[in-house]
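In listed order, ligands and their atoms are each counted from 1. Every heavy atom of this structure was used, including side-chain atoms; hydrogens, water molecules and symmetry mates were not.
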Amino acid sequence: MRTNSAPRIAIIGAGMAGASCAQLLASAGWAVQVFDKSRGVGGRMSTRRLDWTDASGSAHPASFDHGAPCFSAHSADFASFVAQAAGDGLLTRWSPRMAPSSYLPLGSPDLWTPTPDMPALCRSLLAGLPVRTGCAIEALRRDESGWRLESGGTTVDQGFAAVVVAIPPAQAAALLQDHQAAWAQQAQAQKMLPGWALMAVTDEIASAEAPAWDLAWPSSGPLAWVIRDDAKPGRKPQPGLTHWVAHATVDWSQTHLEAPAAEVEAALKQALAQQLGRQPHWHYSTVHRWRYASVPRAAASSISTTTHRWDAAIGLGACGDALGGAGVEGAWASARALAAAINASSKTPLSHDRPAHA
Ligand SMILES: Cc1cc2nc3c(=O)[nH]c(=O)nc-3n(C[C@H](O)[C@H](O)[C@H](O)COP(=O)(O)OP(=O)(O)OC[C@H]3O[C@@H](n4cnc5c(N)ncnc54)[C@H](O)[C@@H]3O)c2cc1C
């Protein structure tokens with residue numbers, strides 16, 4: 001049970017790692033306070049919402065899952081978390097109709113997606129907890145009264161007994177540098193893979209000659225994944241329109257990392273048209289560059305010797321996909337291991353007043 005005297009802990013980052021860690025620590029009696037620099041929670045499990053305007057001037061709402069489209073459970077522990085979240089209505093199994101041209105059939109394990117949008121899972125984990133969005137933490141200071149967090153050169157909050165850094169390694173390094181130089185160095189050395197994503201609204205492409213499909217894994221060309229985004233579970237299709245998210249391959253994204261967005265958009269639209277087998281009518285399109293999209297799975301296990309970092313002497317921890325073995329599952333596993341380590345080294349009241357998915 002959280003009491004007025006419960007120790008305060010700051011969680012920096014409200015993606016899968018930060019949200020999971022916050023929920024587990026709150027369940028264990030910590031007074032958590034979450035910070036995220038973005039407007040909402042979810043991190044790379046994200047959905048972009050916008051309005052586009054047609055030729056007659058009418059506005060149309062659109063949403064695109066332009067980060068992680070889905071995830072799988074490989075470990076028994078994460079499978080159990082997923083099963084419980086699915087039972088709670090937070091996750092739905094995604095069984096897309098595969099494009100015939102895909103180089104691989106849809107295999108196992110199952111693909112899961114939060115509904116009605118990607119951040120929904122993190123929103124649920126954080127329900128009832130204090131979350132301050134739009135707040136980029138730029139420095140951590142520590143003195144006899146605990147940890148103080150700074151943004152824009154001013155203190156945003158203070159008096160924390162501990163801090164958890166749950167942000168991608170390149171950004172984490174700057175916060176860790178003054179307190180755990182070795183962690184910062186390892187974070188800086190962590191390779192992250194980039195990814196360009198195309199978001200587009202076209203006319204309906206399915207016809208008697210070209211049956212509908214929801215997911216393509218092209219065997220060649222710039223695109224790795226082509227997703228009919230409005231056909232994912234819980235999304236809202238609009239008559240006569242198709243919403244696409246197309247992810248470029250890592251190689252193509254690396255080669256075009258600094259290319260102008262307009263050039264990338266034109267190239268990815270051409271690749272999508274090729275995948276569709278015809279030039280669609282483009283109602284709307286844009287691209288997003290993920291400079292740090294994902295962790296190479298091999299690198300995650302070889303660079304990291306642990307799934308998380310925790311320095312009990314100063315009350316500083318770190319978690320995230322780069323430490324936990326990549327992907328949404330890695331972020332969750334890292335957060336869970338860190339929360340267990342923090343609880344093992346602290347004398348906080350245990351409570352089960354919030355439902356735990358772990
Ligand atoms: C295009 C794409 C496709 C992907 N596909 C898959 C897939 O198929 N399967 C899979 O399992 N995974 C996939 N992933 C990876 C998956 O999304 C991540 O591994 C996982 O979401 C990482 O969670 P995290 O909490 O560690 O980090 P993040 O989700 O990055 O969360 C970190 C949070 O910290 C915030 N933040 C950063 N710096 C600061 C700061 N200084 N102050 C405050 N807040 C800060 C950010 O705004 C963010 O919300 C994909 C990712 C992308 C981008």
Side-chain angles (χ1 to χ4, degrees), residues 10-22 33-48 64-74 78 82 94 109 111-114 118-119 121-123 125-126 131-140 149-152 156-157 163-176 187 190 192-199 215 217 224-225 227 245-250 253 287-297 300 307-308 318-335 338:
I11 314 280
I12 304 169
M16 188 61 182
S20 303
C21 200
Q33 170 66 54
V34 182
F35 300 88
D36 200 289
K37 68 176 182 179
S38 299
R39 273 181 299 167
V41 304
R44 280 168 275 163
M45 293 171 71
S46 56
T47 299
R48 182 181 292 187
F64 303 95
D65 298 340
H66 67 311
C70 58
F71 55 86
S72 304
H74 299 89
F78 192 56
V82 164
W94 183 36
L111 304 180
W112 294 91
T113 185
M118 292 306 293
L121 181 59
C122 291
R123 275 201 307 272
L125 290 167
L126 292 167
V131 180
R132 187 160 164 186
T133 52
C135 182
I137 303 303
E138 288 159 7
L140 303 178
L149 276 50
E150 288 183 1
S151 184
V156 294
D157 208 339
V163 175
V164 165
V165 177
I167 65 181
Q171 291 138 319
L175 296 184
L176 298 172
Q190 172 68 59
M192 294 289 284
L193 305 175
W196 275 105
L198 170 72
M199 293 159 265
L215 174 62
W217 287 328
W225 289 60
I227 299 159
V245 174
H247 294 286
T249 64
V250 169
S253 299
V287 286
H288 180 85
R289 179 181 63 185
W290 293 97
R291 194 174 277 282
Y292 309 114
S294 56
V295 185
R297 285 179 190 263
T307 54
H308 64 281
C319 62
D321 59 346
L323 286 163
V328 173
E329 179 169 8
W332 175 85
S334 177
L338 176 57

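- In this structure, atom 33 (C) of ligand 1 lies nearest to the protein heavy atom D36 OD2, 3.5 Å.
- In terms of protein heavy-atom proximity, atom 41 (N) of ligand 1 is closest to I137 O, 3.0 Å.
- Of the possible donor and acceptor atoms, one in the side chain of S334 sits under 3.5 Å from a partner among the backbone N and O of G320.
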Q | Chi angles and distances behind the side chain to side chain contact (heavy atoms under 4.5 Å, CB included) call for S46, M118 | A | CA-CA 5 Å; S46 56; M118 292 306 293; 5.6 Å; no
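- Using a distance-only test at 3.5 Å, with no hydrogens or angles considered, no donor-acceptor pair links the side chain of T307 to the main chain of G324.
- Near G43, meaning under 4.0 Å from one of its heavy atoms, ligand 1 places the atoms 29 (O), 31 (O), 48 (C), 49 (O).
- When heavy-atom distances to ligand 1 are checked against a 4.0 Å cut-off, A68 comes that close through both its backbone and its side chain.
- You'll find the side chain of L175 reaches within 4.5 Å of the side chain of I167, heavy atoms only.
- Between L149 and I12, some side-chain heavy-atom pair lies under the 4.5 Å cut-off.
- Across every non-hydrogen atom of A293 and R44, the tightest pair is O-NH1, 2.9 Å.
- Evaluation of the ring-ring contact (aromatic ring centres under 6.0 Å, His included) rule for W290 yields H66, H288 as partners, not counting sequence neighbours.
- For ligand 1, the atoms closer than 4.0 angstrom to any heavy atom of G327 are 10 (C), 11 (O), 12 (N), 19 (O).
- Each of the following atoms of ligand 1 lies closer than 4.0 Å to a heavy atom of F71: 11 (O).
- Of all the atoms in ligand 1, the ones that sit under 4.0 Å from a non-hydrogen atom of I12 are 42 (N), 43 (C).
- Residue, atom and distance of the protein heavy atom nearest to atom 51 (C) of ligand 1 are A293 O, 3.4 Å.
- Relative to atom 1 (C) of ligand 1, the option among H247, E329, M45, M16 with the closest non-hydrogen atom is H247.
- Under 4.0 Å is where a charged nitrogen must lie from a carboxylate oxygen, and between R132 and D157 no such pair does.
- Of all protein heavy atoms, the one lying nearest to atom 31 (O) of ligand 1 is G15 CA, 3.5 Å.
- Residue, atom and distance of the protein heavy atom nearest to atom 29 (O) of ligand 1 are R44 N, 2.8 Å.
- Under a 4.0 Å criterion applied to the non-hydrogen atoms of C135, ligand 1 contributes the atoms 42 (N), 43 (C).
- Ligand 1 places these atoms under 4.0 Å from at least one heavy atom of A166: 32 (C), 34 (O).
- Ring pair W225/W217 is perpendicular by interplanar angle, where above 60° counts as perpendicular and below 30° as parallel.
- Residue C70 places a heavy atom under 4.0 Å from ligand 1.
- When non-hydrogen atoms are compared, ligand 1 lies under 4.0 Å from neither the backbone nor the side chain of A197.
- Taking every heavy atom of G320 and a limit of under 4.0 angstrom, the matching atoms of ligand 1 come to 26 (O).
- A17 N, 2.9 Å is the protein heavy atom nearest to atom 25 (O) of ligand 1.
- The protein non-hydrogen atom at the shortest distance from atom 10 (C) of ligand 1 is V328 N, 3.7 Å.
- Residues L193 and V295 approach most closely at CD1-C, 4.5 Å, considering heavy atoms.
- Among all non-hydrogen protein atoms, the one lying nearest atom 19 (O) of ligand 1 is D321 OD2, 2.7 Å.
- Closest approach of A17 and A335 over heavy atoms only: O-CB, 3.2 Å.
- Taking every non-hydrogen atom of P168 and a distance limit under 4.0 Å, the qualifying atoms of ligand 1 come out as 30 (O), 32 (C).
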Q | M16 and L125: CA distance, side-chain angles, deciding distance, side chain to side chain contact (heavy atoms under 4.5 Å, CB included) verdict | A | CA-CA 9 Å; M16 188 61 182; L125 290 167; 4.3 Å; yes
